[in-house]
Amino acid sequence: MPHPFHPDDFPVNTDVVLNPTQVFYLRSAIHFKTDAQIFNLTGQLRQPWNDFSHAFLDETGSVAQKLREGGASPTYKISSCGNMMRTIKAMTDSSGSKLCDLNITFVSFDCSTVKFPTGSPHSRHAIEMCPVGDSGNDEAKHEAFVKNSIPYFWDMTRGRVGILYKCLNQKRVEIARVAGFGFDKDAVLVLNGDELDDVVALSTCIILLNGRDAMDA
């Protein structure tokens with residue numbers, strides 16, 4: 001069954017530009033088989049975000065490395081278990097409390113799911129992330145999900161940079177970007193946290209980095 005929402009139904013609002021309020025360094029988060037670590041670097045960077053300039057990416061890597069070497073705990077951690085066709089990943093916070101479970105599929109027509117504990121402040125309902133369009137073309141590089149009746153689209157048509165759009169007033173507005181970084185399967189996510197909860201953005205991003213159309217760092 002096709003997804004009820006399609007990006008073509010929501011033209012991009014080019015009058016609104018991405019204004020990140022949060023920056024996250026995702027360590028070993030692409031094609032990972034064991035654990036991934038996520039560091040919140042918000043407020044710790046001198047370089048402003050400028051469409052993932054080399055200076056910005058270099059500083060995020062340097063700050064994240066200093067945090068690790070200084071013994072800082074990651075803001076979030078993602079652990080894996082699963083099989084060839086589907087992987088289960090658990091996302092926890094720095095205290096070890098579970099935030100959500102990610103059920104990731106590698107099947108081209110199936111959906112991945114993020115499930116939250118009862119009473120979660122991050123989402124009142126499970127989130128299904130599904131492919132949009134037919135396989136074999138750029139439409140297949142879109143993943144859609146719905147939160148609180150609002151459609152969102154992850155767009156992977158730009159190669160190593162993924163763009164997250166939120167649908168507002170029948171148009172798509174860019175609220176986040178993710179880019180592969182370095183040689184260790186790392187990534188950097190910038191997010192407008194006023195438009196979406198960070199755990200929802202990060203969990204769907206992890207699915208994007210490890211599912212059907214996962215980017216190569």
Side-chain angles (χ1 to χ4, degrees), residues 7 10-32 36-70 72 74-78 91 129 138 141-145 147 150-169 171-211 213-217:
F10 303 89
V12 175
N13 186 345
T14 56
D15 293 331
V16 179
V17 297
L18 174 60
N19 182 27
T21 62
Q22 295 175 292
V23 180
F24 296 92
Y25 191 90
L26 287 62
R27 183 172 184 264
S28 301
I30 302 177
H31 302 311
F32 69 102
Q37 297 178 330
I38 299 174
F39 292 87
N40 187 345
L41 305 185
T42 305
Q44 302 184 58
L45 302 174
R46 292 173 296 176
Q47 289 287 339
W49 181 76
N50 184 19
D51 198 17
F52 295 125
S53 66
H54 288 298
F56 177 81
L57 289 174
D58 288 345
E59 188 181 9
T60 59
S62 175
V63 172
Q65 182 176 353
K66 289 179 181 177
L67 288 174
R68 294 196 311 272
E69 292 175 349
T75 309
Y76 304 118
K77 183 178 179 181
I78 300 179
M91 184 173 181
M129 192 160 157
D138 277 349
K141 292 183 177 294
H142 289 87
E143 297 270 343
F145 66 92
K147 184 178 187 296
I150 299 175
Y152 295 80
F153 295 99
W154 271 110
D155 180 345
M156 284 297 295
T157 60
R158 301 192 185 187
R160 294 181 70 249
V161 175
I163 300 177
L164 178 59
Y165 291 103
K166 180 178 183 177
C167 295
L168 297 171
N169 299 320
K171 290 187 176 182
R172 278 180 287 157
V173 175
E174 184 178 352
I175 64 168
R177 285 195 184 198
V178 64
F181 174 73
F183 300 99
D184 296 320
K185 303 299 184 181
D186 296 352
V188 177
L189 172 75
V190 295
L191 168 70
N192 183 343
D194 295 331
E195 296 294 344
L196 184 63
D197 177 88
D198 64 333
V199 171
V200 175
L202 287 162
S203 59
T204 57
C205 180
I206 290 294
I207 291 175
L208 187 79
L209 298 178
N210 291 274
D213 295 300
M215 67 172 66
D216 291 320

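To the nearest 0.5 Å, atoms CD (Q37) and CZ (F24) are separated by 15.0 Å. To the nearest 0.5 Å, atom CG of residue L18 and atom CD1 of residue I163 are 9.0 Å apart. The distance from atom SG of C205 to atom CG of L209, rounded to the nearest 0.5 Å, is 4.0 Å. Rounding to the nearest 0.5 Å places CG of L202 at 5.0 Å from CE of M91. Atoms CG and CD1, from L189 and I206 in turn, are 9.0 Å apart once rounded to the nearest 0.5 Å. Put simply, CD on E174 and CZ on R172 are 10.5 Å apart, with the number rounded to the nearest 0.5 Å.
The aromatic rings of F52 and W49 lie perpendicular to each other, with more than 60° between the two planes, well past the 30° mark. Between F181 and Y25, the angle of the ring planes goes over 60°, which puts this pair in the perpendicular group of the 30/60° scheme.
Formation of a donor-acceptor pair under 3.5 Å by the S203 side chain with backbone atoms of V199 is found in this model. When atom types are taken as modelled, the side chain of E59 and the backbone of L45 share no donor-acceptor pair closer than 3.5 angstrom. Looking at N13, its side chain never comes within 3.5 Å of a backbone N or O of V173 through a donor-acceptor pair. Put simply, the side chain of R160 never gets that close to the backbone of A179: no donor and acceptor are under 3.5 Å apart. Checked by atom type and distance alone, the side chain of T42 pairs as donor or acceptor with a backbone atom of V23 at under 3.5 Å. A donor-acceptor contact shorter than 3.5 Å is absent between the side chain of N50 and the backbone of S53. Put simply, the side chain of N169 never gets that close to the backbone of K171: no donor and acceptor are under 3.5 Å apart. Proximity of a side-chain donor or acceptor of T75 to a complementary backbone N or O of N40 within less than 3.5 Å is detected.
Within 6.0 Å of the CG atom in D51, the count of heavy atoms belonging to other residues, nucleotides or ligands exceeds 12.
Under the 4.5 Å side-chain criterion, counting only non-hydrogen atoms from C-beta, W154 is in contact with T204. Contact of the V178 side chain with the L208 side chain is registered, since non-hydrogen atoms from C-beta on lie closer than 4.5 Å. Residues K166 and F153 are not in side-chain contact: their nearest non-hydrogen atoms beyond the backbone lie 4.5 Å or more apart. Between Y152 and I175, the closest side-chain pair of non-hydrogen atoms falls below 4.5 Å. Within the 4.5 Å cutoff, side-chain heavy atoms of Y76 are placed close to those of D198. Under the 4.5 Å side-chain criterion, counting only non-hydrogen atoms from C-beta, I38 is in contact with I78. Residues V200 and K147 meet the side-chain proximity criterion, which asks for heavy atoms closer than 4.5 Å. D186 places a side-chain heavy atom less than 4.5 Å from the side chain of S28.
The two residues Q44 and V63 have their closest heavy-atom pair at O-CG2, 4.0 Å. A pairwise comparison of heavy atoms in L41 and T60 identifies CD1-O, 3.5 Å as the closest pair. Residues C167 and I150 approach most closely at O-CG2, 3.5 Å, considering heavy atoms. Pairing each heavy atom of G162 with each of M156, the nearest pair is CA-SD, 3.6 Å.
Residues passing the salt bridge (Lys or Arg N to Asp or Glu O under 4.0 Å) test with D194, sequence neighbours excluded: none. Checked against salt bridge (Lys or Arg N to Asp or Glu O under 4.0 Å), K77 has the following partners two or more places apart in sequence or in another chain: D35.
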### Message
Pair F56, V188 - check side-chain contact (heavy atoms from CB on, under 4.5 Å), show working.
### Response
CA-CA 10 Å; F56 177 81; V188 177; 4.1 Å; yes
### Task
Verify side-chain contact (heavy atoms from CB on, under 4.5 Å) between R177 and L191, making sure each step is shown before the conclusion.
CA-CA 7 Å; R177 285 195 184 198; L191 168 70; over 6 Å; no
